[in-house]
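Right, one structure below, let's go through it.
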Protein chains: 2
Amino acid sequence: MQTQRLAQIMQERGVRRTPQRLAVWRLLAEEPGLTIREAVRALEPEGIGQATVYRSVKALENAGLLLGFPAPRGELRYAAVLDHVHLLVCERCGAVRRLHECRLSGYEAEVEQKTGYRVRGHTLVVYGLCPRCREGGEP
Amino acid sequence: MQTQRLAQIMQERGVRRTPQRLAVWRLLAEEPGLTIREAVRALEPEGIGQATVYRSVKALENAGLLLGFPAPRGELRYAAVLDHVHLLVCERCGAVRRLHECRLSGYEAEVEQKTGYRVRGHTLVVYGLCPRCREGGEP
DNA sequence: CTTGAGATGATAAGATTTATCAGGTATGCA
DNA sequence: TGCATACCTGATAAATCTTATCATCTCAAG
């Protein structure tokens with residue numbers, strides 16, 4: 001289970017491990033692509049307060065355990081991650097897949113060269129239509 | 001001037017060309033990396049209503065003329081774009097540069113192959129420290 | 001087990017975003 | 001060019017979302 005690695009990373013990065021934070025992370029691992037508000041509603045029945053959800057998302061994102069990405073309608077949606085991944089998002093239904101390959105380190109080095117920036121990381125989101133939505137008629 | 005190309009693209013994509021939308025785009029071209037709210041405040045003196053700014057940002061983003069990206073503190077920030085570009089964002093001062101090279105079409109094809117998704121595009125944001133912030137001076 | 005820094009929940013306060021509607025204006029066509 | 005109309009705008013109100021506050025609780029280091 002990934003729970004072990006999650007615990008390890010939280011430990012390493014000095015992020016306190018509370019049941020609420022674990023619940024937030026798990027929700028966004030099982031259902032990636034929710035907004036914070038949607039997460040608030042999903043966790044309400046478990047007795048987790050909305051302020052806590054907001055704070056947890058920030059803490060986890062800070063620790064690199066959640067990834068935010070812009071979705072249609074100007075929404076900011078989140079997905080749980082452990083390692084560096086790229087996201088593949090369906091523009092129609094919002095389904096999110098993680099892509100575990102990254103060959104952009106060469107690109108990063110090149111950007112450093114050309115710009116003088118110190119590069120620390122990147123976020124790549126690929127947009128398209130998932131197999132199911134590809135088939136389906138118009139939205 | 002890019003204004004010509006901008007007009008052309010708006011025409012092509014059926015986005016109505018109003019003074020307000022042009023103002024929003026120009027602001028985010030000169031000062032990329034603003035939140036919508038910051039844009040609202042910047043355009044208030046010009047007599048552009050807040051609702052209009054919100055609507056314009058959505059219309060322009062939809063037409064691929066603005067790019068949204070997640071910034072620290074959970075903010076969604078925007079930059080004006082004409083073509084497909086990658087963004088280079090300074091984590092400390094928020095400076096935004098556009099990178100006009102993209103060699104990810106091969107990657108997109110590969111993702112299509114492997115996942116069955118129909119890929120329509122991608123967003124790549126590289127994070128780091130700009131030369132000035134690298135030194136340690138304040139933003 | 002003890003202890004203290006930091007997290008939580010409830011609620012209030014504040015900020016952002018959207019809805020509504022009367023009036024205005026870009027754009028296609030004659 | 002001038003017209004008609006579909007779409008846009010500004011103002012304001014209403015709805016949502018986000019943060020602040022504070023008393024209490026709990027994780028985790030020793």
Side-chain angles (χ1 to χ4, degrees), chain A residues 3-28 33-63 65-66 68-78, chain B residues 3-28 33-63 65-66 68-78:
Chain A
T3 304
Q4 193 134 37
R5 249 193 79 66
L6 175 62
Q8 182 194 353
I9 294 176
M10 292 181 82
Q11 168 93 10
E12 284 170 8
R13 307 194 184 162
V15 185
R16 232 154 134 171
R17 204 164 146 282
T18 70
Q20 292 86 348
R21 289 177 177 184
L22 295 181
V24 168
W25 191 88
R26 281 206 204 97
L27 172 66
L28 288 166
L34 300 180
T35 61
I36 297 190
R37 192 112 281 273
E38 287 167 347
V40 165
R41 281 191 276 264
L43 294 170
E44 217 155 57
E46 300 184 29
I48 298 180
Q50 63 173 344
T52 298
V53 175
Y54 280 93
R55 290 181 291 221
S56 297
V57 167
K58 290 203 172 158
L60 292 169
E61 186 182 25
N62 238 296
L65 290 165
L66 291 183
F69 62 95
R73 284 185 52 196
E75 298 166 330
L76 189 48
R77 297 183 168 273
Y78 291 87
Chain B
T3 304
Q4 194 136 37
R5 248 192 81 66
L6 175 62
Q8 182 194 355
I9 294 176
M10 291 180 83
Q11 168 96 8
E12 284 170 8
R13 306 193 185 162
V15 184
R16 237 160 136 170
R17 206 164 146 282
T18 71
Q20 293 85 349
R21 288 177 179 186
L22 295 181
V24 168
W25 191 88
R26 281 206 202 98
L27 172 66
L28 287 166
L34 299 179
T35 61
I36 297 191
R37 193 109 282 274
E38 287 167 348
V40 166
R41 280 190 277 264
L43 295 170
E44 216 156 58
E46 301 185 29
I48 298 179
Q50 62 174 347
T52 298
V53 176
Y54 278 95
R55 290 181 290 221
S56 298
V57 167
K58 289 200 175 162
L60 292 169
E61 186 181 24
N62 238 295
L65 290 166
L66 291 183
F69 62 94
R73 286 185 50 197
E75 298 166 328
L76 189 48
R77 297 181 169 273
Y78 291 86

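First the proteins, then the strands, lettered A, B, ... as listed; each starts at 1.
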*Please figure out whether A:P19 or A:I36 has its closest DNA chain D nucleotide nearer the 5' end.*
A:I36
_Could you check whether any side-chain heavy atom of A:L6 comes within less than 4.5 Å of a side-chain heavy atom of A:L22, counting everything from C-beta outward?_
yes
*Please report how far the helix from C:dC1-D:dG30 to C:dA30-D:dT1 bends, comparing the axis fitted to its first five pairs with the axis fitted to its last five, to the nearest 10 degrees.*
70°
*Report the distance from atom CZ of A:R37 to atom C1' of C:dT18, rounded to the nearest whole Å.*
15 Å
*DNA chain C-proximal residues of residues 42-50 of chain B, any heavy atom under 4.0 Å*: B:Q50
*Contact nearer the 5' end of DNA chain C, comparing B:R17 with B:R41*: B:R41
*Taking only residues two or more places apart in sequence or in another chain, which ones pass side chain to side chain donor-acceptor pair (under 3.5 Å) with B:E75?*
B:R77
*Mind checking side-chain contact (heavy atoms from CB on, under 4.5 Å) for A:A59 and listing every partner two or more places apart, or none if nothing turns up?*
A:R21
*Which pair of non-hydrogen atoms, one from A:M10 and one from A:L65, has the smallest distance, and what is that distance?*
CG-CD1, 3.7 Å
*Write down the distance between CD (B:E38) and P (C:dT17), rounded to a whole number of angstrom.*
11 Å
*Taking atom types as modelled and ignoring hydrogens, do the side chains of A:Q50 and A:R37 form a donor-acceptor contact shorter than 3.5 angstrom?*
yes
_Under a plain distance cut-off of 3.5 Å, with no hydrogens placed, do B:Q8 and B:E12 share a side-chain donor-acceptor pair?_
yes
*Under the 3.5 angstrom rule, does the side chain of A:E46 hit a backbone N or O of A:L43 as a donor-acceptor pair?*
no
_Rounding to an integer number of Å, can you tell me how far A:Y78 OH sits from D:dC17 C1'?_
13 Å
_Given DNA chain D, 5'-ward residue of the pair B:R73 and B:V53, judged by closest heavy atom_ = B:V53
Quick one: which protein N/O atoms are closer than 3.5 Å to N/O atoms of nucleotides 6-8 of chain D? Pair and distance per line, please.
residue: D:dC7; atom: O4'; partner: B:R16; partner atom: NH1; Å: 2.7
residue: D:dC7; atom: O2; partner: B:R16; partner atom: NH1; Å: 3.4
residue: D:dC8; atom: OP1; partner: B:R21; partner atom: NH2; Å: 3.1

*Which atom pair, heavy atoms only, marks the closest approach of B:L34 to B:L28?*
CB-CD2, 3.8 Å
_N or O in side chain of B:K58 less than 4.0 angstrom from C:dT18 OP1/OP2_ = yes
*Does B:R13 CZ have over 12 foreign heavy atoms under 6.0 Å away?*
yes
*With sequence neighbours left out, write down each residue that passes side-chain contact (heavy atoms from CB on, under 4.5 Å) with A:L76, or none if nothing qualifies.*
A:Y78, B:P70, B:L76
*Ignoring hydrogens and geometry, is there a side-chain-to-backbone donor-acceptor pair from B:W25 to B:L60 under 3.5 Å?*
no
*asked:* Does D:dT18 have OP1 or OP2 under 4.0 Å away from a side-chain N or O of A:Y54?
replied: yes
